[in-house]
Amino acid sequence: MKRGVLIAVPYVWLLALFLIPFAVVFKISLSDIALAIPPYTPTAKDGIWNMLTQLDFENFVFLTQDDLYWKAYLSSLQIALISTILTLMVGYPMAYAMARAPEQWRPTLLMLVILPFWTSFLIRVYAWIGILSTEGFLNQFLMWTGIVGEPLTILNTNTAVYIGIVYTYLPFMILPIYSALDRLDGSLIEAAEDLGCSRLKAFWLVTIPLSKNGIIAGCFLVFIPALGEFVIPSLLGGSGTLMIGKVLFEEFFSNRDWPVASAVAVILLLILIIPIVLFQRNEQRQAEAEG
Amino acid sequence: MNRLSPFNVVSLTLGFVFLYVPMLILVIYSFNESKLVTVWAGFSTKWYGELLANDAFLDAAWVTLKVAVLSSTIATILGTMAAYVLVRGGRFFGRTLFSGMIYAPLVMPEVITGLSLLLLFIGIGLDRGVLTIVLAHTTFSMCFVSVVVSSRLMTFDQSLEEAALDLGASPFEAFRLITLPIIAPAVISGWLLAFTLSLDDLVIASFTSGPSATTLPMKIWSSVRLGVSPEINALSTILIGLVTVGVIAASLASKQAALRAKRDEQQAARTA
């Protein structure tokens with residue numbers, strides 16, 4: 001009985017405020033736009049039969065006809081993928097160095113990685129505006145050293161978006177990789193080296209495969225939220241930066257077209273289901289391996 | 001393993017420079033006299049004065065604090081319950097769905113969560129304001145709490161609970177007297193995480209709040225969209241300072257707790 005209550009309370013909360021809202025989005029994505037507020041007319045007014053006979057896919061048809069949406073989905077995928085790879089390239093060497101650092105330094109290093117994560121996301125993205133703008137600190141520095149003669153245009157381009165994503169999501173990449181490397185048995189690498197592997201080969205054949213779960217978890221933790229990112233492309237990206245999170249936000253708040261915004265969300269969710277399920281499997285496998 | 005090659009040192013140094021220089025610049029230039037944020041014109045604290053005289057910011061800060069305290073507290077209770085159910089609950093109907101609903105919000109893009117909650121609130125006719133933001137924040141942060149707490153529940157020795165039950169404690173007493181004190185650090189860090197997530201959130205709050213409630217990130221957002229401003233730099237510095245003090249204090253406290261636990265264990269081992 002008590003166990004029932006314990007299960008039911010969080011369960012019902014999540015059903016009501018996580019799962020049912022998705023059903024609502026799905027329903028509205030199949031509705032017609034109307035000028036009244038709320039700006040949609042429910043398609044399923046008179047029961048399920050009507051809903052089935054009057055299903056209205058016109059919002060989805062609209063999405064396929066307008067280039068903007070296709071391009072936004074594709075370019076979000078591309079931006080998220082490139083940023084994930086870049087984050088991995090920056091994060092792995094850091095996690096690796098942290099795991100090899102003397103034991104007494106590790107808590108401090110770990111805290112230094114976590115600290116930015118506790119700091120406001122918005123502020124960390126905002127900090128880059130002053131650095132990347134034409135008269136910003138990076139250009140001042142580059143001109144001062146004479147590396148470039150003219151200021152580079154970085155702000156309001158995709159490059160700025162990559163920098164922003166790598167910067168803000170770096171802790172999510174470092175932490176799972178670090179925890180995988182931290183558990184790694186150092187004698188395995190020594191054994192590989194004793195058996196004639198070069199250090200590089202031992203790294204490639206032993207360290208990388210054994211930290212695989214950390215790499216996978218880190219990549220998903222960066223890729224999935226980056227795909228729907230809104231703040232970074234809006235602040236750092238330019239008019240040419242198409243990302244679906246930004247499109248959805250604008251469709252909703254500027255155009256006030258709720259059914260189309262919902263349809264955009266439904267498709268984004270469908271794209272995300274595969275990586276989310278894979279991520280969850282990876283987490284569960286890891287949890288079972290530890291437990 | 002304790003050999004740092006030059007390559008390791010370089011990657012750590014560059015990595016931390018990358019992580020900290022942007023924030024450092026923000027802090028330094030919040031004390032800049034000039035309105036132009038990229039040109040240094042002498043030391044001044046005038047932007048802090050202007051910030052504190054700005055009622056709109058103070059109001060927003062108050063709303064944000066209220067939302068964060070309420071949502072993180074409810075989220076901690078619900079998240080701890082969920083973690084307990086997941087780790088100790090055994091099998092029950094719809095367990096896979098339940099664990100899916102715990103993990104999915106961790107990575108769900110905020111635009112989707114925000115949009116779906118807003119449409120729900122409108123659908124059931126709930127007025128948007130502080131209440132709806134609290135509901136929204138509780139929902140996603142309880143999942144973070146649950147992950148933090150369940151990782152602690154998984155590692156601790158279950159025989160302690162069983163011993164309490166064998167000695168006649170009711171399940172609730174066993175939880176209150178044995179389990180809760182042991183998982184307390186995880187519960188507290190879960191609360192802190194939920195609190196920060198709520199303080200930080202822009203997207204979900206924008207969707208779920210109404211005209212009556214503007215949170216600090218929403219206020220920052222509307223002024224940041226117009227470009228860099230020294231007032232925002234000052235505000236950022238205050239927030240960065242608070243977080244730094246908080247994180248350092250929390251880590252010192254947990255270090256102390258770990259030391260105390262170790263001492264207790266040693267003492268227990270001696271007396272046994």
Side-chain angles (χ1 to χ4, degrees), chain A residues 2 6-7 9-11 13-14 17-22 24-25 28 38 90 93-94 97 100-102 111-112 115-116 118-123 126-131 135-137 170 186 220-221 224-225 227-228 230-231 235 245 248-249 252 261 265 268-269 276 279-280 283 287 290-291, chain B residues 1-4 8-9 11-12 15-16 18-19 22-23 25-26 29 37-38 78 81-82 84-85 89 92 94 98 100-101 103-105 107 109-112 115-117 119-120 122-123 135 139 142 154 171-172 196 199-200 202-203 217 220-221 224 228 232 236 239-240 243-244 246-247 251:
Chain A
K2 265 181 192 156
L6 206 57
I7 295 173
V9 174
Y11 207 138
W13 183 288
L14 284 174
L17 289 161
F18 185 71
L19 207 61
I20 291 177
F22 285 131
V24 175
V25 171
I28 291 172
V90 178
M94 283 183 77
R100 290 179 78 99
M111 204 182 76
L112 282 173
L115 189 64
W118 292 91
T119 317
S120 166
F121 183 83
L122 193 52
I123 286 172
Y126 162 75
W128 283 94
I129 298 178
I131 296 174
E135 62 275 13
F137 299 106
L170 192 57
F220 279 132
L221 282 176
I224 301 172
L227 196 61
F230 160 71
V231 172
L235 282 185
L248 198 163
F249 201 89
F252 192 83
L268 177 57
L269 202 61
I276 287 179
F279 168 71
Q280 213 179 313
E283 288 297 291
E290 277 164 22
Chain B
M1 279 293 272
N2 296 347
R3 293 163 297 164
L4 273 184
N8 293 150
V9 174
S11 55
L12 272 186
F16 284 120
F18 176 62
L19 277 178
M23 286 197 268
I25 291 176
L26 210 60
Y29 275 79
V37 256
T38 51
L78 289 171
M81 287 168 86
Y84 196 80
V85 165
F92 56 87
F98 187 66
M101 288 194 299
Y103 281 108
V107 285
E110 291 163 322
V111 280
I112 296 188
L115 177 74
S116 65
L117 281 166
L119 295 177
L120 173 82
I122 287 173
L135 288 175
T139 306
M142 70 178 273
M154 261 185 273
F172 180 71
T196 344
L199 280 190
D200 203 19
L202 164 75
V203 176
I220 296 175
W221 174 253
V224 160
V228 183
I232 297 293
S236 309
L239 292 176
I240 291 173
V243 166
T244 312
V247 168
S251 80

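Quick note on labels: first sequence line is chain A, next is B, and so on, each numbered from 1.
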Worksheet, complete the sentence: For P109(B) and I224(A), the nearest pair of non-hydrogen atoms, with its separation, is CG-O, 4.2 Å

Discussion item. Contact between L235(A) and W221(B) at the side-chain level, heavy atoms closer than 4.5 Å - yes or no?
Written reply: yes

Fill in: Between I276(A), L170(A), L19(A), L115(A), the one whose heavy-atom pairs under 4.5 Å with chain B are most numerous
L115(A)

Fill in: Proximity breakdown for F121(A) and chain B, heavy-atom pairs closer than 4.5 Å
both

Worksheet item: What part of V243(B) is in contact with chain A, defined as an atom under 4.5 angstrom from a non-hydrogen atom: side chain, backbone, both or neither?
Response: both

Worksheet item: If you count heavy-atom pairs under 4.5 Å between each of V9(B), L199(B), L135(B) and chain A, which one has the most?
Response: L135(B)

Item to complete: Identify which of V25(A), I20(A), I123(A) forms the greatest number of heavy-atom pairs closer than 4.5 Å to chain B.
Response: I123(A)

Discussion item. Any heavy-atom pair between the side chains of L17(A) and L120(B) that's under 4.5 Å?
Written reply: yes

Discussion item. Please rank A261(A), A97(A), G228(A) by heavy-atom pairs under 4.5 Å with chain B and give me the top one.
Written reply: A97(A)

Worksheet item: Residues in side-chain hydrogen bond (donor to acceptor under 3.5 Å, both in side chains) with Y29(B), at least two apart?
Response: none

Worksheet, complete the sentence: Turns out that what part of W118(A) lies under 4.5 Å from chain B's heavy atoms comes down to both

Item to complete: State the CG-CG distance between L239(B) and L122(A), to the nearest 0.5 angstrom.
Response: 10.0 Å

Practice prompt. Find the one option among V111(B), L26(B), T139(B) whose heavy-atom pairs under 4.5 Å with chain A are most numerous.
Written response: T139(B)

Item to complete: Identify which part of M101(B) has an atom lying under 4.5 Å from any heavy atom of chain A, answering side chain, backbone, both or neither.
Response: both

Worksheet item: Taking all non-hydrogen atoms of both residues, which atom of M94(A) and which atom of F16(B) are closest, and how far apart?
Response: CE-N, 4.0 Å

Worksheet item: Are any non-hydrogen side-chain atoms of P10(A) and F98(B) less than 4.5 angstrom apart?
Response: yes

Response to the item:
Those residues at least two apart in sequence (or on a different chain) that pass side-chain hydrogen bond (donor to acceptor under 3.5 Å, both in side chains) with T119(A) are none

Worksheet item: Of the listed residues (L227(A), V9(A), V90(A)), which shares the most heavy-atom pairs with chain B below a 4.5 Å separation?
Response: V9(A)

Discussion item. How close do L6(A) and Y84(B) get, counting heavy atoms only, and between which atoms?
Written reply: CD2-CD2, 3.6 Å

Worksheet item: Using non-hydrogen atoms only, which part of F252(A) is less than 4.5 Å away from chain B: side chain, backbone, both, or neither?
Response: side chain

Fill in: Y11(A), part contacting chain B, at a heavy-atom distance under 4.5 Å
both

Discussion item. Please classify the contact between S251(B) and chain A as side chain, backbone, both or neither, with a heavy-atom cut-off of under 4.5 Å.
Written reply: side chain

Worksheet entry | Contacting region of I131(A) [heavy-atom separation from chain B under 4.5 Å] | side chain

Worksheet item: When only pairs under 4.5 Å are counted, which of P217(B), G15(B), P105(B) shares the most heavy-atom pairs with chain A?
Response: P105(B)

Discussion item. Return the CG to CG distance between L78(B) and L14(A), rounded to the nearest 0.5 Å.
Written reply: 8.0 Å

Discussion item. Tell me if the centroids of the rings in F18(B) and W128(A) come within less than 6.0 Å of each other.
Written reply: yes

